[in-house]
> 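This is the structure I have questions about; it appears just below.
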Amino acid sequence: MSEVGDVLELAVDTVAHGGWCVARHDGMVVFVRHALPGERVRARVTDRRKAFLRADCVEVLAASPDRVEPPCAYARRCGGCDWQHVTPAEQRALKAAVVEEQLRRLAGVELPVEVEEVPGAPDGLGWRTRVTFGVDHMGHAGFLAHRSHDVVPVDRCVIAHPAVEALGVEGRSWPGVRQVEVAASATSGESVVRPTPGPAPRDLVHEQAAGRTWQVTGTGFWQVHPGASDVLVDAVLAALDPRDGESALDLYAGVGLFAGALAARLGPGGRVTAVESGRAAVRDARANLADVPTVTVRAGDVEQVLRRLRLRRADLVVLDPPRRGAGRAVVDLLARIETRRVAYVACDPAALARDVRYYQDRGWRLTGLRAFDLFPMTHHVECVALLEPS
């Protein structure tokens with residue numbers, strides 16, 4: 001029986017969700033980090049559960065042709081990146097396999113997936129415009145180790161955008177601070193640095209996307225990849241195929257990006273209702289869309305707002321929920337509304353697959369999906385799914 005600390009020789013099989021690969025030892029599943037499918041490795045057990053083990057590769061005995069030297073000196077210790085030891089092309093292939101497996105296992109859907117490269121991250125580096133640094137007891141900034149609260153101090157982050165690195169967070173001392181959030185615009189050059197504890201910043205960062213300027217308060221939500229917003233807007237509009245005069249819902253609307261893009265396509269006879277729960281984001285969305293009279297921004301929890309509105313019809317719906325997904329209750333409410341198409345923007349393939357299953361239970365079908373590599377070097381992948389009533 002293997003215990004924590006034991007080193008096992010493993011034949012690595014497939015990729016798994018979360019940056020792991022799967023192997024087996026003495027009848028138990030072993031989830032292995034820093035390995036690749038097809039490799040033979042030695043891995044140290046880091047966690048033992050009743051049904052599986054977790055382990056970390058410590059030696060590669062037979063390497064995959066897609067293995068490369070990580071570009072970051074902290075890749076083995078920092079928990080922020082999962083795939084620095086893999087070519088960018090193979091990273092995308094691994095993510096595609098994960099999306100396919102989650103849809104197959106959780107939704108019963110067989111669908112070939114291609115993860116598309118997005119401009120703005122040369123060699124998968126220098127793309128992250130929003131970064132949260134941890135701070136250790138000595139006041140050094142860094143990132144949490146994998147599945148740990150321990151901070152690994154760093155002197156630079158290779159996936160951080162140059163505008164973030166220019167702020168010099170890693171070179172400063174942060175006594176009495178637990179974490180430092182940074183937001184830096186790739187288009188305006190503006191930035192915000194927020195230490196915690198400390199007052200929430202009211203500074204604005206301005207971003208360019210979909211032909212408009214968007215204000216974002218402090219370190220509030222905006223896509224972290226510089227090419228993400230335009231790519232996602234284009235994918236959502238292509239999926240929905242908006243028609244003049246239609247009505248639309250933009251749920252989990254953030255600062256109003258999809259609502260503004262939809263309103264421009266629906267024309268003066270169209271109507272868009274945007275729903276967002278974050279106070280700062282609601283304030284930003286109302287400011288961003290003040291010149292668009294066909295958009296109404298409603299503040300509140302999506303489920304509660306939908307119950308209050310009691311809509312009978314919304315021709316189009318954009319769903320862009322947090323990582324946990326929209327959930328059965330929201331899907332059930334939406335399935336009662338007469339709708340032509342739903343574009344679901346998902347940052348977690350497991351949550352997407354679960355919500356697709358809920359839609360299928362209500363008589364809807366997944367009719368299209370595009371996936372984008374908006375988080376190179378990590379296991380994360382962004383999907384835009386198209387759902388239509390059967």
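Quick caveat: nothing in here was measured; it's all calculated off a predicted structure. Only heavy atoms go into these numbers, but all of them, side chains included; no hydrogens, no water, no symmetry mates.
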> Do any side-chain atoms of residues 11-24 form donor-acceptor pairs under 3.5 angstrom with protein atoms, and if so which ones, sequence neighbours left out?
| from | atom 1 | to | atom 2 | distance (Å) |
| --- | --- | --- | --- | --- |
| His17 | NE2 | Asp348 | OD1 | 3.2 |

> Between the main-chain N or O of His161 and the side-chain N or O of Trp127, is there a donor-acceptor pair closer than 3.5 Å?
no

> Determine whether Val292 and Arg212 make a side-chain contact, defined as any pair of heavy atoms from C-beta on separated by less than 4.5 Å.
yes

> Looking only at heavy atoms, what is the nearest atom pair of Leu106 and Ala350, with distance?
CD1-O, 3.6 Å

> Could you pull out all donor-acceptor pairs under 3.5 Å where a side-chain atom in residues 268-276 meets a protein atom, sequence neighbours excluded?
| from | atom 1 | to | atom 2 | distance (Å) |
| --- | --- | --- | --- | --- |
| Arg271 | NH1 | Pro268 | O | 3.4 |
| Glu276 | OE1 | Ala253 | N | 3.4 |
| Glu276 | OE1 | Gly254 | N | 2.8 |
| Glu276 | OE2 | Gly278 | N | 2.9 |

> Assigning hydrophobic clusters by single linkage (Ile, Leu, Val, Met, Phe, Trp, Tyr; side-chain heavy-atom cutoff under 4.5 Å), is Val99 placed with Leu387?
yes

> Between atom CD of Glu246 and atom OG1 of Thr339, what is the distance when rounded to the nearest 0.5 Å?
10.5 Å

> The criterion is salt bridge (charged side-chain N to carboxylate O under 4.0 Å, His left out); which residues satisfy it with Glu9, sequence neighbours excluded?
Arg40

> With a 6.0 Å cut-off (strictly less than), is the heavy-atom count around CZ of Arg76, excluding the residue itself, greater than 12?
yes

> To the closest 0.5 Å, what do you measure between CG (Leu311) and CG (Leu309)?
4.5 Å

> Group every Ile, Leu, Val, Met, Phe, Trp and Tyr by side-chain heavy-atom contacts under 4.5 Å, then state whether Val233 and Leu249 land in the same group.
no

> Using a strict threshold of under 4.0 Å (side-chain N to carboxylate O), is an ion pair present between Arg67 and Glu39?
yes

> Which atom names give the shortest non-hydrogen contact between Leu36 and Asp66, and what distance separates them?
CD1-C, 4.1 Å

> Under the side-chain contact (heavy atoms from CB on, under 4.5 Å) test, which residues partner Arg341, sequence neighbours left out?
Leu240, Asp241, Leu316, Leu386, Glu388

> For Thr294 and Gly267, which heavy atoms make the closest approach, and how far apart are they?
CG2-O, 4.1 Å

> State the CG-CG distance between Asp26 and Leu8, to the nearest 0.5 angstrom.
8.0 Å

> Under 3.5 Å, is there a donor-acceptor pair between the Asp301 and Ser277 side chains?
no

> List the atom pairs, donor and acceptor, that lie under 3.5 Å between side-chain atoms in residues 218-227 and the rest of the protein, sequence neighbours left out.
| from | atom 1 | to | atom 2 | distance (Å) |
| --- | --- | --- | --- | --- |
| His225 | ND1 | Gly227 | N | 2.9 |

> Mind checking what makes side-chain contact (heavy atoms from CB on, under 4.5 Å) contact with Phe372, not counting sequence neighbours?
Glu116, Val118, Val231, Leu232, Ala235, Arg370, Leu374, Val384

> Less than 4.5 Å apart, side chain to side chain, heavy atoms only: is that true for Pro153 and Met138?
no

> For residues Val193 and Val164: do they belong to one hydrophobic cluster (side chain heavy atoms under 4.5 Å, members Ile, Leu, Val, Met, Phe, Trp, Tyr)?
yes

> What do the steps show when you test Glu117 against Arg92 for salt bridge (Lys or Arg N to Asp or Glu O under 4.0 Å), and what is the final call?
CA-CA 8 Å; Glu117 184 179 7; Arg92 294 190 290 273; 3.8 Å; yes

> For Phe258, give me all partners under ring-ring contact (aromatic ring centres under 6.0 Å, His included), at least two apart in sequence or on another chain.
none

> Any idea which heavy atoms bring Leu257 and Ala209 closest together, and the distance?
CD1-CB, 4.1 Å

> Do Leu103 and Pro349 come close enough that some side-chain heavy atom pair is under 4.5 Å?
no

> Distance from Glu165 atom CD to Asp155 atom CG, nearest 0.5 Å?
8.5 Å

> Which pairs of donor and acceptor atoms, one on a side chain in residues 81-89, lie under 3.5 Å apart (sequence neighbours left out)?
| from | atom 1 | to | atom 2 | distance (Å) |
| --- | --- | --- | --- | --- |
| Asp82 | OD1 | Arg33 | NH1 | 2.8 |
| Asp82 | OD2 | His379 | N | 2.7 |
| Asp82 | OD2 | His379 | ND1 | 2.9 |
| Gln84 | OE1 | Cys72 | N | 3.1 |
| His85 | NE2 | Ala35 | O | 3.1 |
| Thr87 | OG1 | Glu90 | N | 3.2 |

> Measure from the side-chain N and O atoms of Arg365 to the backbone N and O of Thr367, and report whether any donor-acceptor pair falls under 3.5 Å.
no

> Kindly write out the residues that satisfy salt bridge (charged side-chain N to carboxylate O under 4.0 Å, His left out) with Arg307, not counting sequence neighbours, or none if the list is empty.
Glu303

> Please list, chain by chain and in numerical order, all residues satisfying side-chain contact (heavy atoms from CB on, under 4.5 Å) with Ala371, sequence neighbours excluded.
Val113, Val115, Leu369, Val381, Cys383

> Walk me through it: do Arg147 and Arg54 pass the test side-chain contact (heavy atoms from CB on, under 4.5 Å)?
CA-CA 11 Å; Arg147 296 180 59 81; Arg54 293 190 179 97; 3.0 Å; yes

> Do Trp364 and Val302 sit in the same hydrophobic cluster, where Ile, Leu, Val, Met, Phe, Trp and Tyr count as joined when their side-chain heavy atoms come under 4.5 Å apart?
yes

> Taking C-beta and beyond as the side chain, do Asp56 and Val32 meet within less than 4.5 Å on heavy atoms?
no

> Does the side chain of Gln102 come within less than 4.5 Å of Val109's, by heavy atoms?
no

> Do the charged groups of Arg48 and Asp6 touch, with an N to O distance under 4.0 Å?
no

> May I ask you to decide if Gly198's main-chain N or O and Thr196's side chain share a donor-acceptor pair within less than 3.5 Å?
no

> Do Ser2 and His25 touch side chain to side chain, with heavy atoms closer than 4.5 Å?
yes

> Distance check, rounded to the nearest 0.5 Å: Asp355 atom CG versus Leu366 atom CG?
12.0 Å

> A side-chain contact here means heavy atoms from C-beta on lying under 4.5 Å apart; do Thr46 and Val4 qualify?
no

> Is a salt bridge present between Arg243 and Asp315, judged by a nitrogen-to-oxygen distance below 4.0 Å?
no

> Do other residues, nucleotides or ligands put more than 12 heavy atoms under 6.0 Å from Arg265 CZ?
yes

> Might you point out which heavy atoms bring Ala314 and Ser247 nearest each other, and give the distance in Å?
CA-OG, 3.5 Å

> Please examine the side chains of His140 and Val154, heavy atoms only from C-beta on, and report whether any two atoms are closer than 4.5 Å.
no

> Using only atom types and a distance under 3.5 Å, with no angle test, would you say the side chain of Ser188 pairs donor to acceptor with the backbone of His206?
yes

> Would you name the heavy atoms of Gly124 and Ile159 that are closest together and state the gap between them?
O-CG2, 4.0 Å

> Would the distance check show the side chain of Asn288 and the main-chain N or O of Trp214 forming a donor-acceptor pair, the cut-off being under 3.5 Å?
no

> For residues 319-337, which side-chain N or O atoms pair as donor and acceptor with protein atoms under 3.5 Å away, sequence neighbours left out?
| from | atom 1 | to | atom 2 | distance (Å) |
| --- | --- | --- | --- | --- |
| Arg323 | NH1 | Cys347 | O | 3.1 |
| Arg323 | NH1 | His380 | ND1 | 3.3 |
| Asp332 | OD1 | Arg362 | NH1 | 3.3 |

> Distance alone, cut at 3.5 Å: any donor-acceptor contact between the side chains of Thr132 and Gln179?
no

> Just by distance, do the side chain of Gln360 and the backbone of Ala107 share a donor-acceptor pair under 3.5 Å?
yes

> Got a second to check how far Arg286's CZ is from Arg283's CZ, nearest 0.5 Å?
10.5 Å

> With sequence neighbours excluded, tell me which residues meet side-chain contact (heavy atoms from CB on, under 4.5 Å) with Glu59.
Arg42, Leu61

